[in-house]
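Presented below is the structure to which this report refers.
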Amino acid sequence: MSKNLTSRAEDYSKWYNELVVKADLAENSAVRGCMVIKPYGYAIWEKMQAELDRMFKETGHQNAYFPLFVPKSLFEAEEKNAEGFAKECAVVTHYRLQNDPDNPGKLRVDPEAKLEEELVVRPTSEAIIWNTYKGWIQSYRDLPILINQWANVVRWEMRTRLFLRTAEFLWQEGHTAHATKAEAIAEAEQMNDVYAEFAENFMAIPVIKGVKTESERFAGAVDTYCIEALMQDGKALQAGTSHFLGQNFAKAFDVKFTNNEGKLDHVWATSWGVSTRLMGALIMTHSDDKGLVLPPNLAPSQVVIVPIYKTDEQLEVIKEKANTIIKELKTLGVSCKLDARTTHRPGAKFAQHELQGVPLRIAIGQRDLDNGTVELARRDTLTKEIVKMDNLVSTVETLLKTIQNELFSKALNFRDTHITEVDDFETFKTVLESKTGFISAHWDGTAETEQKIKELTKATIRCIPMDVKKEAGECVFTGKPSTNRVLFAKAY
RNA sequence: CGGGGUGUAGCGUAGCCCGGUUAUCGCGCCACGUUUGGGACGUGGAGGCCGCAGGUUCGAAUCCUGCCACCCCGACCA
């Protein structure tokens, strides 16, 4: 492990890549574009999963599991969805290998073992799920179906980056079926709200809730709701999406039900997902040049205790003290570990825990034993204070809440000061290049204008905010009339 | 898939142009000792199919050909 991280100012992208690897979150694997999520990174993902899973269940959803493979004929049923994902699908064509007669010790695909029908490795599961739902739904009494699955999906991306874009990623995908349009829309909006609440309260990432324009919409959706976050380099990151699918999938898979008036109708659908990309959002929102900064809610260990000792006897006394603290913190629901490794010196431990973003660090040495104190250090502000042992546990508890709140406030302040209202295209370009962040501007509502702006500036419309206010104006590019502003940004 | 670049120990690298002793240095690793309140120091040690396969040559990390992998820039994207 080399000592210093590349600074954000020097090379933001390099900083990110190094941080992910050095903080032991993930690394590239032998499989092109696929990552290995290491235990520390996975522990953070598990924290996210646990909270999201709780929230899904609280809103009435159940978990289930559907197959990894989708027969090609099912996959192509919903045309727009199929077309949207076709270019990035991995496809299974054979089911057997054999010894290669021309290359001893090597295997080859058995040409005799070609599948009758190719299997698409799911890039998303609407097809297989709606084909299944068809058998489950006859009456309005079978509705709604509120299901989520935790799974991996594969999208054969050309250029990948750890967590932000990998060929295989972990996610959850909710797939619901409803008797009415209104109910499905309400569900899609509700789940987008759940994502926003999770991002803000749990990850301390402020997000803007909005609706996608037609060109940014999920393939096969009628409307795509999203939460958009702003990273420290001024680029936007789509952190979650929730789709109102209308009756598109019900029609494609012929899923009809009899409503309470005895009439046949197609079922209304939603789907919604967040992925391991959230790890990327987390890293790029809070971390600094010393490494990861974790909000207490997501830290595998919220507190770490580093003993400072000269003799074995001292270490034993400190360990005892530490274990008492750990026990007390545990009763308050605070996770704390003791770093009693004798193989590393305190300075190295300090640096490592900072790199890995542990929110609070307690150092205990002889000086503290004599004075009945400890040294308490915050990761987010890098400040230290001496705390009386008697007050320690309650101080820690309060401080963790403070850190969680302050991380959010800090990110919120950054985000809010990086939304710029712009009314002409020259300023649009200048702001995008110099100040960066979101640009709030009028748009004439056409895909052509959106496309043109993208070509000229690389900025896309991230969303039309849910709370957008009606305001007559002129399109920043064409000057045509517009009724509200939309948010543009360069995005990940 | 188009344009550019790079492959030498676990990581980062020197050497390559101009072929010639035992392939350089740093980090990391191992052992012992001294250390331990911000990334310790000393001494000793281990670790290399020089990306892969051919070719040229008395001799190849170095020259030639082919292949593979990775990185950067474009088109694609949670």
Sequence neighbours excluded, the answer for ring pair (Phe, Tyr, Trp, His ring centres under 6.0 Å) partners of A/Phe408 is none
Residue pairs passing the salt bridge (Lys or Arg N to Asp or Glu O under 4.0 Å) test with at least one member in residues 190-215 of chain A, sequence neighbours excluded, are A/Asp193-A/Lys209, A/Lys212-A/Glu228
| message | Work out how far the C1' atom of B/C1 is from that of B/C76, and round it to whole angstrom. | response | 11 Å
Taken to the nearest whole Å, CZ/A/Phe169 to C1'/B/A78 is 5 Å
side-chain contact (heavy atoms from CB on, under 4.5 Å) filter on A/Glu157, not counting sequence neighbours, yields A/Glu88, A/Arg155, A/Thr160, A/Arg165
Separation of B/G10 atom C1' from A/Asp24 atom CG, nearest Å, is 14 Å
Hits for ring pair (Phe, Tyr, Trp, His ring centres under 6.0 Å) against A/Phe56, two or more places apart or cross-chain, chain-then-number order -> A/Trp272
Under the rule of Watson-Crick or G-U wobble with both distances under 3.5 Å, where | means paired to another strand and [ ] a crossing pair, RNA chain B maps to (((((((..(((.......[....))).((((((.....)))))).....(((((..]....))))))))))))....
A/Trp156 atom CH2 is separated from B/C1 atom P, nearest whole Å, by 13 Å
What nucleic acid atoms does A/Leu164 come within less than 4.0 Å of, heavy atoms only: base, sugar-phosphate, or nothing? base
Rounding to an integer number of angstrom, what distance separates B/G54 and B/A9 when you compare their C1' atoms? 26 Å
Quick note, salt bridge (Lys or Arg N to Asp or Glu O under 4.0 Å) partners involving residues 304-317 of chain A, not counting sequence neighbours, are A/Glu316-A/Lys319
Per-nt protein contacts along nucleotides 33-38 of chain B (heavy atom under 4.0 Å; B base, S backbone sugar-phosphate only, - none) come out as --BBBB
For A/Gly280 and A/Tyr16 the tightest heavy-atom approach is CA-OH, 3.5 Å
Between B/U65 and B/G15 - P atom distance, rounded Å: 22 Å
Rounded to whole Å, CD of A/Glu27 lies from P of B/C11 at a distance of 11 Å
In whole angstroms, the gap separating P of B/A75 from CD of A/Glu157 amounts to 14 Å
Integer angstrom distance from the C1' of B/G42 to that of B/U24: 23 Å
Residue pairs meeting salt bridge (Lys or Arg N to Asp or Glu O under 4.0 Å), one or both in residues 281-299 of chain A, sequence neighbours left out, come to A/Arg8-A/Asp289, A/Asp288-A/Arg379
Quiz item: So what does A/Phe218 hit on the nucleic acid, given a heavy-atom distance under 4.0 Å: a base, only sugar-phosphate, or nothing?
Solution: nothing
Salt bridge (Lys or Arg N to Asp or Glu O under 4.0 Å) pairs touching residues 346-355 of chain A, sequence neighbours excluded, are A/Asp339-A/Lys349, A/Glu354-A/Arg361
* So what does A/Thr241 touch, heavy atoms closer than 4.0 Å: a base, only the sugar-phosphate, or nothing? -> nothing
Practice problem: Report the C-alpha distance between A/Arg462 and A/Glu216 in whole Å, list the side-chain angles of each, state the deciding distance to 0.1 Å, and finish with yes or no for salt bridge (Lys or Arg N to Asp or Glu O under 4.0 Å). | Solution: CA-CA 8 Å; A/Arg462 301 321 302 155; A/Glu216 295 281 327; 3.7 Å; yes
**Request:** Could you measure between the two C1' atoms, the one in B/C29 and the one in B/G10, and give it in whole Å?
**Result:** 8 Å
Once base and sugar-phosphate atoms are separated, protein heavy atoms under 4.0 Å mark nucleotides 69-74 of chain B, 5' to 3', with B, S and - as -S--SS
ask   = Just by distance, do the side chain of A/Tyr12 and the backbone of A/Met284 share a donor-acceptor pair under 3.5 Å?
value = yes
Rounded to whole Å, the CD-P distance (A/Gln451 to B/A75) equals 10 Å
Whole-angstrom distance between B/G7 and B/A53, as gauged at atom C1' = 16 Å
Taken to the nearest whole Å, CD/A/Glu88 to C1'/B/A75 is 13 Å
Result block: side-chain N/O donor-acceptor pairs under 3.5 angstrom for residues 33-47 of chain A, not counting sequence neighbours:
| from | atom 1 | to | atom 2 | distance (Å) |
| --- | --- | --- | --- | --- |
| A/Lys38 | NZ | A/Asp24 | OD1 | 2.7 |
| A/Tyr40 | OH | A/Gln356 | O | 2.7 |

Q. When rounded to the nearest Å, what value does the distance between C1' atoms of B/C70 and B/G51 take?
A. 10 Å
dist A/Ser271:OG -> A/Glu126:CD (nearest 0.5 Å) comes out at 4.0 Å
Taking the same atom, C1', in B/A40 and in B/C27, what whole-Å distance lies between them?
15 Å
A/Lys22 atom NZ is separated from B/G10 atom C1', nearest whole Å, by 14 Å
Just checking A/Gln238: base, sugar-phosphate only, or nothing, at a heavy-atom cut-off of under 4.0 Å? sugar-phosphate
Review point. A/Thr166 near the nucleic acid: base, sugar-phosphate alone, or nothing, with a heavy-atom cut-off under 4.0 Å?
Key: base
Hits for ring pair (Phe, Tyr, Trp, His ring centres under 6.0 Å) against A/Phe414, two or more places apart or cross-chain, chain-then-number order -> A/His418
